[in-house]
Novice: 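Take this structure, written in structure tokens, and hold onto it; I'll ask about it next.
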Amino acid sequence: MVEWKKKMKYVKKEVTVVLLLLPASLVCLPMILLVTGSVMGNGELRQYLSPLFTEGTTFISWKLVPDYPTFENYGKLLFLTPQFFVLFWNSMKMVGCILAGQLIIGVPAAWAFAVYKVKGSRILFALYVVLMLLPFQVTMLSSYLVLNRLGMLDTHQAVIWPAVFSTFPVFLSYGGFRCIPMQLLEAARIDGAGEFKIFCKIGLPLGKSGLLSAMVLGFLEYWNMMEQPMAFLEEKALWPLSLYLPEITWAQAGYAFGASIITLIPAAFVFVWGQDYLEQGIIFSGLKE
């Protein structure tokens, strides 16, 4: 009887793993197709994608392993396309400035909401949460009018400054700071520590999980942002890498696949590095006071 129960438990475990792997494989399939297409030659891509470009009635066929793999598309992209690097550094500049600004503006704001209880602070924080729920389409017109009045349109500042004052990093960092015991802060004050020293020596080290989760999510969001630069930037030389996609033709299909792969590499690296912090951020966002 005991052996039978063990076998059934093992079978259930294996069935569960298989059921979880099926949707996981569907999620990974587009990435596999991107990688495969990026190392295909133009002739092979023409053969597989002909129904797409000729408006044929047949379905597109595909091979997971190319017959004649080539890195020609990556070579052209990395060594013969200077505009790709211009847009790459545009993305690095905008994302770096946004995250630095959020550290300077959002993290102290989250600390103030979490530690200092003053009249109206809970109402103000509730307003922050409501603003966080508003999509970009709702605030796009008002943001455009303000940026136009300030003379920031068609500059990187038009994308950077609204994102610096985003409420989302405040919300996540707030959850991390709320987990710090208030008794610890009171003990530090009794020992003579100032508020700034408490923030630097206790708040930042103990609340770093919420802070880093906000930074990881912020990087993933702003590295892939498309609507903000499309709305506020007219000059293509100022666009971020997320808007870079060459005109897809027979000759450019593999090139477009390669550009997509290179664009995904920084986001994938940050996601893998910050996966644990993302889990902590999800936990903090669900905590109740």
Side-chain angles (χ1 to χ4, degrees), residues 17-96 156 159 216 219-275:
V17 171
V18 172
L19 292 176
L20 292 176
L21 285 176
L22 286 175
S25 61
L26 293 177
V27 173
C28 295
L29 184 59
M31 283 296 305
I32 297 174
L33 297 180
L34 276 179
V35 173
T36 304
S38 66
V39 294
M40 278 188 182
N42 290 333
E44 200 169 357
L45 283 170
R46 183 185 183 94
Q47 175 186 352
Y48 295 143
L49 299 178
S50 58
L52 177 64
F53 290 98
T54 60
E55 298 182 359
T57 57
T58 58
F59 291 101
I60 295 175
S61 59
W62 201 259
K63 272 191 175 182
L64 294 181
V65 180
D67 293 330
Y68 305 101
T70 176
F71 290 96
E72 179 184 359
N73 298 316
Y74 289 104
K76 179 182 177 182
L77 187 67
L78 296 176
F79 300 107
L80 302 176
T81 314
Q83 61 267 31
F84 180 83
F85 288 96
V86 172
L87 270 62
F88 177 84
W89 289 113
N90 285 344
S91 286
M92 293 295 293
K93 173 187 174 181
M94 285 190 280
V95 173
H156 285 157
V159 178
V216 171
F219 182 92
L220 296 176
E221 177 183 357
Y222 298 117
W223 182 260
N224 298 307
M225 64 179 171
M226 300 183 69
E227 295 174 323
Q228 294 92 329
M230 289 183 69
F232 303 143
L233 302 178
E234 294 183 7
E235 188 177 349
K236 292 186 177 180
L238 298 174
W239 281 5
L241 192 59
S242 55
L243 295 182
Y244 178 79
L245 188 63
E247 183 181 356
I248 301 178
T249 61
W250 291 118
Q252 297 285 80
Y255 180 70
F257 282 127
S260 300
I261 290 296
I262 294 178
T263 304
L264 285 172
I265 289 175
F269 174 79
V270 171
F271 175 79
V272 172
W273 173 79
Q275 190 172 6

Novice: Which heavy atom of N90 sits nearest a heavy atom of P240, and at what distance?
Specialist: CB-CA, 4.3 Å

Novice: Rounded to the nearest 0.5 Å, how far apart are CZ of F232 and CD of E227?
Specialist: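 Taking CZ in F232 and CD in E227, the distance rounds to 10.0 Å.
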
Novice: Going by the side-chain hydrogen bond (donor to acceptor under 3.5 Å, both in side chains) test, which pairs reach into residues 260-273, not counting sequence neighbours?
Specialist: none

Novice: Which residues satisfy the side chain to side chain donor-acceptor pair (under 3.5 Å) test with K93, sequence neighbours excluded?
Specialist: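 Partners of K93 by the side chain to side chain donor-acceptor pair (under 3.5 Å) criterion, ordered by chain and then number, come out as H156.
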
Novice: Mark yes or no for whether S38, through its side chain, and F257, through its backbone, hold a donor-acceptor pair below 3.5 Å.
Specialist: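 No, S38 side chain to F257 backbone: no donor-acceptor pair under 3.5 Å.
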
Novice: Tell me, please, which residues at least two apart from W89 pass ring-ring contact (aromatic ring centres under 6.0 Å, His included).
Specialist: none

Novice: For S242, is there any backbone N or O sitting under 3.5 Å from a side-chain donor or acceptor partner on N224?
Specialist: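 Side chain of N224 to backbone of S242, a donor-acceptor pair under 3.5 Å: no, none is there.
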
Novice: Please report the shortest heavy-atom distance between F71 and V39, naming the atom on each side.
Specialist: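 Reported closest heavy-atom pair: CE2-CG1, 4.0 Å.
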
Novice: Of all heavy-atom pairs between M225 and Q228, which one has the smallest distance, and what is that distance?
Specialist: CB-OE1, 3.7 Å

Novice: State the CD1-CG distance between I261 and N73, to the nearest 0.5 angstrom.
Specialist: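 One finds 11.5 Å between CD1 of I261 and CG of N73.
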
Novice: Does any N or O in the side chain of E44 come within less than 3.5 Å of the main-chain N or O of P66, such that one atom is a donor and the other an acceptor?
Specialist: no

Novice: Rounded to the nearest 0.5 Å, what separates atom CG in L241 from atom CZ in F85?
Specialist: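 If I round to the nearest 0.5 Å, the distance is 10.0 Å.
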
Novice: Any chance you could measure M40, atom CE, to L33, atom CG, to the nearest 0.5 Å?
Specialist: 8.5 Å

Novice: Please check if the number of heavy atoms outside F271 that lie under 6.0 Å from its CZ is greater than 12.
Specialist: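 For F271, atom CZ is not crowded (no more than 12 foreign heavy atoms under 6.0 Å).
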
Novice: Is the count of non-hydrogen atoms from other residues, nucleotides or ligands lying under 6.0 Å from E72 atom CD greater than 12?
Specialist: no

Novice: First locate atom CE of M94, then atom OH of Y222, and finally report the distance between them rounded to the nearest 0.5 Å.
Specialist: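 If I round to the nearest 0.5 Å, the distance is 12.5 Å.
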
Novice: Run the ring-ring contact (aromatic ring centres under 6.0 Å, His included) test against F88 and tell me which residues pass, sequence neighbours left out.
Specialist: W223

Novice: Out of curiosity, L87 CG to L238 CG, how far, rounded to the nearest 0.5 Å?
Specialist: 9.0 Å

Novice: Not counting sequence neighbours, which residues clear side-chain contact (heavy atoms from CB on, under 4.5 Å) with F269? List them please.
Specialist: none

Novice: Without placing hydrogens or testing angles, list every side-chain donor-acceptor pair under 3.5 Å for residues 77-84, not counting sequence neighbours.
Specialist:
residue : atom : partner : partner atom : Å
T81     : OG1  : K76     : O            : 2.8
T81     : OG1  : Y255    : OH           : 2.9

